[in-house]
Amino acid sequence: MEDVAAAVRITENDTDTSRSLTASTVKRKSDSLRDVKPKKKKKPKVSRPPRLGYTVEQGEDMLLIISNTNQYDNIWRPNLKGRNKNKNIKGKTEVIQTKKKKKKVFPRKKKLLITKAVLQPPLNQESKDSFHTWGQSLPMEVLVNIFDMVVHQDGALPFLCRVARVCQLWNAASASPTLWRSVSMGYCWLEPGKTQLPKTELKIRNTVNWLAHNRFSQLRDFSLNHWKRNVDHVVEVLSQCCPHLHSLKLSYCTGVTAKAFQSLAESSSCRSLKTINVQYSEIQVDGFVIFLENYGSQIREILFTHGPKNDRLLTAISRGCCPELQLLEINTKLDSGYCQLPICIQALQNGCPKLKTFRMLNVIPVPKMTRKGSSCTSGFPLLEELCMATTAVSFMTDQDLTKILYNSTKLRVLDLRGCSRITATGLSTLPCEELECLYWGLYFNRNVTVSLSKKGLHLLSQKWSSTLKELDLANQLFSEEDMEIAMGHLAQDTGAEGTLCSLNISGTKITMPALRLIIGQSTALKYLNLTSCRHLPRGLKKLYRGLEEIHQLLEIL
């Protein structure tokens, strides 16, 4: 029994020790569990749409688009994540790329920009193609008409050469011969003051040759401006390739020798040449005179600049080498000073009986008699325009003017600006009864005072009151009474054909009653110059253009 009791005690001690051990272990485990935090479960990532950079709010009759971006946001910042980095190791030629475990990288939220393409609905592919090819689907006739409008306004060159490079259709349309009938070629290959290189000169010649052979088949009017070299070559090529050349103009050109006029004479394809304009160009006069003596019968218009050697041209024309001449213009530069032109009016009347337009611009004619002494001529029976305007003092008298116009009954335009010695009585004796434009103002480029007072203005207004459309009496010293009587005659005849449209009376002694009379009766007056009129109030002395300004002036008067 003692043994059993001892065994029971041993087992109880063992159980107590085991319980104590289990309790301690459980206590340690509980303490350790208290120290460890529980892991949170990962939430599944949800992809969200990018935030728009704008908001749309609807008003009464419009949509308001408000941007959410600010000045610190950079919507074009590149995404640097996920790039492979290259490491260069010294002593090795191979590049080792470090491969890392690819992680799922979500794109950065970019803010959108608002453009017209976002707001508008997308176009179909067919509409896009038709939008880009509209120029290639136009009919050839429509495209040629459009090009013709541009050529009429801006010229053939360089417009046609540029549009020819757009597409095949535009190239074919720009090559139409009807678009190349009038060509003006300026000097655009070289800057002023520099010399030409041999390659540049060859390129110029090749360009002119190609245009003449491929584009100038129907050329009528050709103008060459500011060329210093290769002028003879251009004229020679034109004479060979342009059978319909009607007008040739050489303006501000140098180096025009007799070879150019010889090529015109030798070419049988230039028999239709009617107009030659060599104003402000340095030409060899002998070659031009030889050309006029041989082929001057086909020339209708000649324009040249007066110079020390160009007098022989006028002498050759007066001898009768151009019997069909209808227009003759002789001019000089405005800053050339006092320029006299010795001219025999009787010889010119005999040599050019069909002359219709005779202009001497800034040239003072000095009449001279013929050697034979015969002054019996038929005058200019077909003359319609006579211009002797100058900025210097002209010594033309009434007798000189009568010798020129004694048989010119068809005269329409008479320009005597600067002719201070011409009187109103001399003008009233002219045979022309239907004069439309009379320019008689005094415009001097130097301090020239004309103190002689004139009379008889009413004779002119009474004679041409029913036909005058433009009248210029600037700085003419007629009295107040003459001005009132003359304006009264002009105001009486207000027919549809003889209505006064332009009136320049600046610097005259026009008065308020005379001005009120002419403005009230001339209903078609569109131009009125009252500057420097001392007999008018200060607020009225100005230039008036248009019917509205003139009607306002009438209300003030």
Side-chain angles (χ1 to χ4, degrees), residues 334-335 359 361-362 385 387-394 412-420 422 424 427 435-451 453-454 457-458 460-461 464-465 467-494 496 498-557:
L334 293 177
D335 57 350
R359 298 172 185 160
L361 303 176
N362 208 31
E385 179 182 350
C387 178
M388 294 188 294
T390 178
T391 57
V393 180
S394 177
R412 298 291 185 271
V413 179
L414 181 60
D415 192 348
L416 301 175
R417 286 174 290 182
C419 300
S420 58
I422 301 294
L427 291 175
L435 192 67
E436 297 178 359
C437 302
L438 176 60
Y439 306 101
W440 197 18
L442 301 179
Y443 304 93
F444 299 120
N445 54 5
R446 289 177 289 181
N447 294 328
V448 179
T449 58
V450 180
S451 60
S453 60
K454 297 182 179 181
L457 182 60
H458 62 280
L460 305 181
S461 60
W464 295 315
S465 59
T467 59
L468 272 179
K469 296 181 180 180
E470 297 183 9
L471 179 61
D472 183 5
L473 300 174
N475 302 317
Q476 290 287 354
L477 300 180
F478 289 99
S479 62
E480 295 86 345
E481 297 179 357
D482 287 340
M483 293 295 294
E484 292 180 3
I485 297 173
M487 295 301 109
H489 287 298
L490 291 176
Q492 288 179 0
D493 297 328
T494 57
T499 303
L500 188 65
C501 300
S502 175
L503 179 61
N504 186 358
I505 48 178
S506 63
T508 60
K509 298 180 181 179
I510 188 71
T511 58
M512 293 284 287
L515 183 61
R516 188 184 302 109
L517 181 62
I518 188 64
I519 295 176
Q521 298 296 329
S522 300
T523 57
L525 192 63
K526 298 179 181 180
Y527 178 87
L528 180 62
N529 193 348
L530 300 177
T531 57
S532 302
C533 294
R534 297 183 178 180
H535 291 71
L536 296 179
R538 180 170 295 179
L540 304 180
K541 294 184 290 185
K542 62 180 182 179
L543 182 62
Y544 299 89
R545 287 189 176 95
L547 296 175
E548 295 182 0
E549 294 185 1
I550 296 176
H551 287 323
Q552 292 177 1
L553 175 61
L554 182 60
E555 293 178 358
I556 295 174
L557 294 177

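Just so you know, these numbers use all the heavy atoms, side chains as well, and skip hydrogens, waters and symmetry mates. Fair warning: this is a prediction, and the values are worked out from it, not measured in the lab.
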ask   = Any side-chain heavy atom of C437 within less than 4.5 Å of one from E385?
value = no
key: Main-chain N/O of L517 paired to Q521 side chain as donor or acceptor, under 3.5 Å   = no
ask   = If you draw a 6.0 Å radius around CD in E481, do more than 12 non-hydrogen atoms from other residues or ligands fall strictly inside?
value = no
message = Using side chain to side chain contact (heavy atoms under 4.5 Å, CB included), reason through V413 and Y439 one step at a time and then give a plain yes or no.
response = CA-CA 8 Å; V413 179; Y439 306 101; 4.1 Å; yes
request  = Could you walk me through whether E484 and T511 pass side chain to side chain contact (heavy atoms under 4.5 Å, CB included), step by step?
outcome  = CA-CA 7 Å; E484 292 180 3; T511 58; 3.1 Å; yes
message = Test side chain to side chain contact (heavy atoms under 4.5 Å, CB included) on E549 and L553; report intermediate values, then the result.
response = CA-CA 6 Å; E549 294 185 1; L553 175 61; over 6 Å; no
inquiry  = Could you walk me through whether I505 and M483 satisfy the side chain to side chain contact (heavy atoms under 4.5 Å, CB included) test, starting with their C-alpha distance in whole Å, then the side-chain angles of each, then the deciding distance to 0.1 Å, before giving a yes or no?
reply    = CA-CA 10 Å; I505 48 178; M483 293 295 294; 4.3 Å; yes
ask   = Does E470 reach the side chain of L438, with side-chain heavy atoms less than 4.5 Å apart?
value = no
inquiry  = Does K541 have more than 12 heavy atoms from other residues, nucleotides or ligands lying within 6.0 Å of its NZ?
reply    = yes
note = Correct closest heavy-atom pair for A474 and Y443 would be CB-OH, 3.4 Å
note = Note: F478 and K509 closest approach over all heavy atoms is O-CD, 3.4 Å
request  = Please tell me if the side chains of L460 and L468 come closer than 4.5 Å, counting only heavy atoms from C-beta onward.
outcome  = no
inquiry  = What's the separation between atom OG in S502 and atom CG in L525, rounded to the nearest 0.5 Å?
reply    = 7.5 Å
message = How close do M487 and I518 get, counting heavy atoms only, and between which atoms?
response = O-CD1, 3.9 Å
query = Would you say N475's side chain and L442's backbone share a donor-acceptor pair under 3.5 angstrom?
reply = yes
inquiry  = To the nearest 0.5 Å, what is the distance between CG on L471 and CH2 on W440?
reply    = 10.0 Å
query = Atom OG of S506 and atom CG of L473: how far apart are they, to the nearest 0.5 Å?
reply = 9.5 Å
Heavy-atom pair with the smallest gap, counting every atom of T467 and L435 = OG1-O, 2.8 Å
key: Inter-residue atom distance L540.CG - H535.NE2, 0.5 Å rounding   = 14.5 Å
query = So, for L427 and W464, which heavy atoms are closest and what is the spacing to 0.1 Å?
reply = O-CH2, 3.5 Å
note = Separation between OG1 (T531) and NZ (K542), nearest 0.5 Å, reads 12.0 Å
Atom pair CG/CE of L416 and M388 - distance to nearest 0.5 Å = 5.0 Å
inquiry  = To check you understand the geometry: which heavy-atom pair defines the closest contact between D415 and C387, and what is its length?
reply    = OD2-SG, 3.5 Å
